[in-house]
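Taking it in order: structure first as structure tokens, then the write-up.
Chain letters run A, B, ... following the sequence lines, proteins first, then strands; residues in each count from 1. No hydrogens, no waters, no symmetry mates; every other heavy atom, side chains included, goes into these values.
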Protein chains: 2
Amino acid sequence: MDPSTKTLRDAGLRATAGRRTVLTTIASRGAPLTHAEIASELTGLDPVTLYRILDSLERAGLVHRVHGLDGVWRYCPQPERRGCPGNHVHFLCTTCGAMSCLVDQPLPRVTPPPGGRIDARQFVVGGTCARCSGAGVGDAG
Amino acid sequence: MDPSTKTLRDAGLRATAGRRTVLTTIASRGAPLTHAEIASELTGLDPVTLYRILDSLERAGLVHRVHGLDGVWRYCPQPERRGCPGNHVHFLCTTCGAMSCLVDQPLPRVTPPPGGRIDARQFVVGGTCARCSGAGVGDAG
DNA sequence: GCGCAGATGCAGGTGACTTGCATCTAAAGA
DNA sequence: TCTTTAGATGCAAGTCACCTGCATCTGCGC
């Protein structure tokens with residue numbers, strides 16, 4: 001059985017061709033990808049279907065979803081050790097739009113406002129990545 | 001001179017009627033408001049103009065801007081002590097959509113990826129606010 | 001192989017936000 | 001106070017991410 005098929009079946013999802021391709025694409029990158037980025041690599045898949053596939057993968061806990069400072073959702077493979085999904089800082093390069101996971105920097109504990117409850121946490125930092133720093137002004141510091 | 005006029009002039013902006021009203025509206029709430037929420041209180045102001053006013057206020061450092069988990073920007077008055085704008089955790093109620101600033105919880109230091117630089121940080125937590133938690137179990141006021 | 005719940009594709013829609021351009025006005029100088 | 005003008009505003013139109021409804025298709029249990 002194809003590994004992505006097993007992953008999907010284990011998560012309680014049907015292993016359709018579209019889901020297997022999307023899962024493989026996201027996993028092979030290791031960095032959060034936008035809907036558009038994934039779609040550009042998967043010609044032939046309906047955009048709406050891709051939205052639904054990403055939604056099902058996220059609800060099944062196979063990927064986590066991060067909202068960039070640019071207003072676009074990004075999807076990232078969920079690491080093996082199943083902790084809180086996406087429980088780390090995400091770095092978004094505001095020049096090239098690439099996002100990366102700072103998995104070594106876990107999110108701090110947050111105290112909810114009185115009487116409230118916290119269900120999701122999302123810490124995104126924006127800046128310039130090494131590639132864009134080097135390409136533009138040669139200043140990486 | 002009207003206080004909002006002075007604030008705008010001090011920030012290097014023209015004190016137009018629209019800007020004064022928007023600034024007063026945001027300041028009077030003390031919590032991040034969406035474009036739609038501000039627009040609903042300011043009938044007669046063109047939506048596009050409101051976008052531009054919010055943009056100018058943000059660039060002048062008079063408000064800070066937070067991206068909610070719902071994909072909508074929210075604008076919040078900048079506190080007197082001019083530190084890093086919006087340098088605290090923001091709480092978004094996923095039930096009623098209200099956002100509040102957890103000003104007593106500053107953002108932790110984040111180490112950028114090798115060779116990269118961080119310009120902006122945004123930590124949003126989603127959950128249920130006290131009002132919505134209470135509404136479910138009997139006390140809605 | 002069969003049946004069906006769930007997945008997919010297509011058409012159309014929503015809402016946040018942007019752009020271009022003509023008109024108006026706050027603010028500075030005469 | 002009047003004039004000038006750079007910058008602000010209003011309107012029309014457009015872009016983009018994402019959603020909804022519905023008919024058709026297909027993975028998977030039987």
Starting from [atom2] on [N], measure out to [atom1] on [X] and report it in whole angstrom.
{"X": "A/R20", "N": "D/dG27", "atom1": "CZ", "atom2": "C1'", "result": "10 Å"}
{"X": "B/D70", "N": "D/dC19", "atom1": "CG", "atom2": "P", "result": "12 Å"}
{"X": "B/L57", "N": "D/dG7", "atom1": "CG", "atom2": "P", "result": "17 Å"}
{"X": "B/L54", "N": "C/dC17", "atom1": "CG", "atom2": "P", "result": "9 Å"}

Would you find a donor on one side and an acceptor on the other, under 3.5 Å apart, between the side chain of A/R19 and the backbone of A/R14?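 Yes; judged by distance alone, with no hydrogens or angles, the pair exists.
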Tell me if a side-chain donor or acceptor on B/T128 pairs with a main-chain N or O of B/S133 at a distance below 3.5 Å.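 The answer is no, because no donor-acceptor pair under 3.5 Å joins these two groups.
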Detail all sub-3.5 Å separations between protein N/O atoms and N/O atoms belonging to nucleotides 15-18 of chain D.
residue	atom	partner	partner atom	Å
D/dC18	OP1	A/W73	N	3.1
D/dC18	OP2	A/Y51	OH	3.3

Under 3.5 Å between N/O atoms: give me all the protein pairs with nucleotides 8-12 of chain C, atom names plus distance.
residue	atom	partner	partner atom	Å
C/dT8	OP1	A/T16	OG1	2.6
C/dG9	OP2	A/D46	N	3.4
C/dG9	OP2	A/T49	OG1	2.8
C/dG9	N7	A/R52	NH2	3.3
C/dG9	O6	A/R52	NH2	2.5
C/dC10	N4	A/R52	NH2	3.2

Cluster link [X] to [Y], ILVMFWY, side chain under 4.5 Å:
{"X": "B/F91", "Y": "B/L69", "value": "no"}
{"X": "B/F123", "Y": "A/V124", "value": "no"}
{"X": "A/L54", "Y": "A/L8", "value": "yes"}

Over 60° means perpendicular and under 30° means parallel, so classify the ring planes of B/W73 and B/H67, tilted if in between.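 Taking B/W73 first and then B/H67, their aromatic rings lie parallel (interplane angle under 30°).
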What parts of residues 89-101 of chain B reach DNA chain D, counting only heavy atoms under 4.0 Å away? none
For residues A/C76 and A/H64, determine if any side-chain heavy atom of one lies less than 4.5 Å from a side-chain heavy atom of the other. yes
Report, one pair per line, the protein and nucleotides 2-6 of chain D atoms (nitrogen or oxygen only) whose separation is under 3.5 Å.
residue	atom	partner	partner atom	Å
D/dA6	N3	B/R14	NH2	2.7

Using salt bridge (charged side-chain N to carboxylate O under 4.0 Å, His left out) as the criterion, point out the one residue from B/R52, B/R65, B/R74 that pairs with B/E58. B/R65
Only distances under 3.5 Å count here; give the side-chain donor-acceptor pairs of residues 96-109 of chain A to other protein atoms, sequence neighbours excluded, each with its distance to 0.1 Å.
residue	atom	partner	partner atom	Å
A/Q105	OE1	B/T111	N	2.9
A/Q105	NE2	B/T111	O	2.6

Got a salt bridge between B/K6 and B/D2, using NZ or NE/NH1/NH2 to carboxylate O under 4.0 Å?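 B/D2 and B/K6: not salt-bridged.
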Tabulate below the donor-acceptor pairs under 3.5 Å that side-chain atoms of residues 42-49 of chain A make, not counting sequence neighbours, or state none.
residue	atom	partner	partner atom	Å
A/D46	OD2	A/V48	N	3.0
A/D46	OD2	A/T49	N	3.4

Can you confirm if the aromatic rings of A/Y51 and A/H35 lie within a centre distance of less than 6.0 Å? yes
Just one of A/V72, A/D70, A/V125 clears the side-chain contact (heavy atoms from CB on, under 4.5 Å) bar with A/L92, so which one? A/D70
